[in-house]
There are 2 protein chains.
Amino acid sequence: MNEHVHDTADLTKNQTLVMGALTRSKGPLSAYTILDQLRDNGFRAPLQVYRALDKLVEFGLVHRLESLNAFVACRHPGCDGDDTIAFMICERCGQVNEITDTALAARLKQLAGEASFALKKTTIELRGLCRTCQAA
Amino acid sequence: MNEHVHDTADLTKNQTLVMGALTRSKGPLSAYTILDQLRDNGFRAPLQVYRALDKLVEFGLVHRLESLNAFVACRHPGCDGDDTIAFMICERCGQVNEITDTALAARLKQLAGEASFALKKTTIELRGLCRTCQAA
DNA sequence: GCAATCTTGTAATGAGATAACGTCACACAC
DNA sequence: GTGTGTGACGTTATCTCATTACAAGATTGC
Ligand SMILES: [Zn+2]
Ligand SMILES: [Zn+2]
Ligand SMILES: [Zn+2]
Ligand SMILES: [Zn+2]
């Protein structure tokens with residue numbers, strides 16, 4: 001088995017349950033919301049969720065949205081190789097759109113380089129209204 | 001007086017105290033850290049800090065760092081007009097560098113436009129090591 | 001078997017943020 | 001001057017988010 005790329009078949013029981021909750025959801029979920037949804041599956045404590053989330057984020061199956069303190073299942077096929085992901089978060093319907101852009105990533109790397117900053121992780125979160133919600 | 005641009009002279013007592021704490025600090029501070037620093041000035045409750053912070057952020061004198069749940073005094077002269085600010089946060093020494101870049105902002109606006117996303121606020125936070133901390 | 005390692009369960013606590021209430025000071029109309 | 005609206009302030013309680021600490025099972029490799 002590939003040791004870097006994970007799919008849902010590799011997951012433990014708790015990881016599978018948490019992944020399922022996120023995949024079923026239309027938008028991001030907080031850890032405690034996930035906990036509530038999994039009470040019937042034997043979840044009793046936040047740590048059960050957080051431990052699973054840590055792994056899922058590590059595997060690249062889930063992204064953490066810093067500005068929401070919430071988590072979302074990755075729906076961007078092929079964001080594995082890319083560590084510069086921009087999230088467009090609709091403040092009305094909660095929908096999250098995940099995009100990568102080489103020009104954007106290149107510009108950020110350029111800026112970091114000019115400042116001699118050793119870039120490890122980038123967080124880009126755009127807040128606003130999605131196409132649908134602008135009409136309403 | 002200009003009704004949009006604020007300087008420290010416009011601030012209330014609590015706002016001045018919170019602004020002072022942030023200005024004195026080399027790096028970002030959490031609301032509760034600020035609270036502790038201002039106990040001697042009569043601060044007793046988190047809300048006193050949060051209320052002041054809300055206003056200071058609104059005035060553009062302070063920025064909130066989403067990935068740290070912390071606040072930092074603006075040290076970027078002229079970031080008023082620019083709503084696309086990138087923060088470079090050193091994970092070792094905590095120093096925060098604030099930069100604006102027209103190419104970066106333009107690309108983000110472009111991407112939002114292509115998705116018909118009505119952009120309201122952008123969060124860009126780069127984590128890594130500053131020049132000094134890479135040597136050590 | 002046995003040790004090393006990983007995963008899990010549980011309780012307690014720490015850290016970040018807001019709700020709900022009442023008070024006070026001040027500007028401004030009447 | 002009295003009423004009224006507005007904004008800042010103080011206090012308590014509560015809510016949400018996240019981690020520490022400790023113990024117990026499961027898994028793997030030898
Ligand atoms: Zn993704
Ligand atoms: Zn929407
Ligand atoms: Zn600034
Ligand atoms: Zn540093």
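Side chains are part of it too, since the values below use all heavy atoms of this structure and drop only hydrogens, waters and symmetry mates. The structure displayed is predicted, hence computed values, not measured ones. Chain letters run A, B, ... following the sequence lines, proteins first, then strands; residues in each count from 1.
What you find for B/Glu66 and B/Glu125 is that their closest heavy atoms are N-OE2, 2.7 Å. Shown here for B/Cys74 and B/Glu98, the closest heavy-atom pair between the two residues is SG-OE2, 3.4 Å.
Closest contact between the side chain of B/Arg51 and the listed nucleotides D/dT11, D/dA21, C/dA17 involves D/dT11. Side-chain atoms of A/Lys13 lie closest to C/dG9 of the nucleotides C/dG9, D/dC17, C/dA17. Comparing atom distances between the B/Ala45 side chain and each of C/dT10, D/dT11, C/dG9 picks out D/dT11 as nearest.
As rounded to whole Å, 17 Å separates atom P of D/dG7 from atom CG of B/Leu11. Following rounding to the nearest Å, A/Asn14 (CG) and D/dG25 (P) show an atom-to-atom distance of 16 Å. Atom C1' of nucleotide D/dG10 and atom CG of B/Leu38 are separated by 15 Å, given to the nearest angstrom. If you measure from atom CZ of B/Phe71 to atom C1' of C/dA17, you get 9 Å, rounded to the nearest angstrom. When rounded to the nearest whole Å, the span between CG of B/Leu68 and P of D/dA18 equals 13 Å. Note: CZ (B/Arg39) to C1' (D/dG10) measures 14 Å, nearest angstrom. The interatomic distance linking B/Leu47 (CG) with D/dC9 (P) rounds to 11 Å, in whole Å. Between the CG atom of B/Leu35 and the P atom of D/dG10 there is a distance of 12 Å, rounded to whole Å.
Between the side chain of A/Gln134 and the main chain of B/Ser116, a donor-acceptor pair closer than 3.5 Å is present. A donor-acceptor pair under 3.5 Å links the side-chain atoms of A/Arg75 to the main chain of A/Thr23, judged by distance alone.
Phosphate proximity of D/dG10 to B/Gln48: present, with a side-chain N or O under 4.0 Å from OP1 or OP2. A close approach under 4.0 Å does not occur between any side-chain nitrogen or oxygen of A/Thr12 and OP1 or OP2 of C/dT7. Side-chain N/O atoms of A/Asn69 include none lying less than 4.0 angstrom from OP1 or OP2 on C/dA17.
By the criterion of a centre-to-centre distance under 5.5 Å and near-parallel planes under 30°, the ring of B/Tyr50 forms no stack with the base of C/dT18.
Where B/Ala52 and A/Thr33 each meet DNA chain D at their nearest nucleotide, the meeting point lying more 5' is that of B/Ala52. Positionally, the nearest nucleotide of DNA chain C for A/Gln15 lies more toward the 5' end than for the other of A/Gln15 and A/Pro46.
For the side-chain contact (heavy atoms from CB on, under 4.5 Å) with B/Leu38, the qualifying choice from B/Thr33, B/Asn14, B/Leu17 is B/Leu17, the only one to do so.
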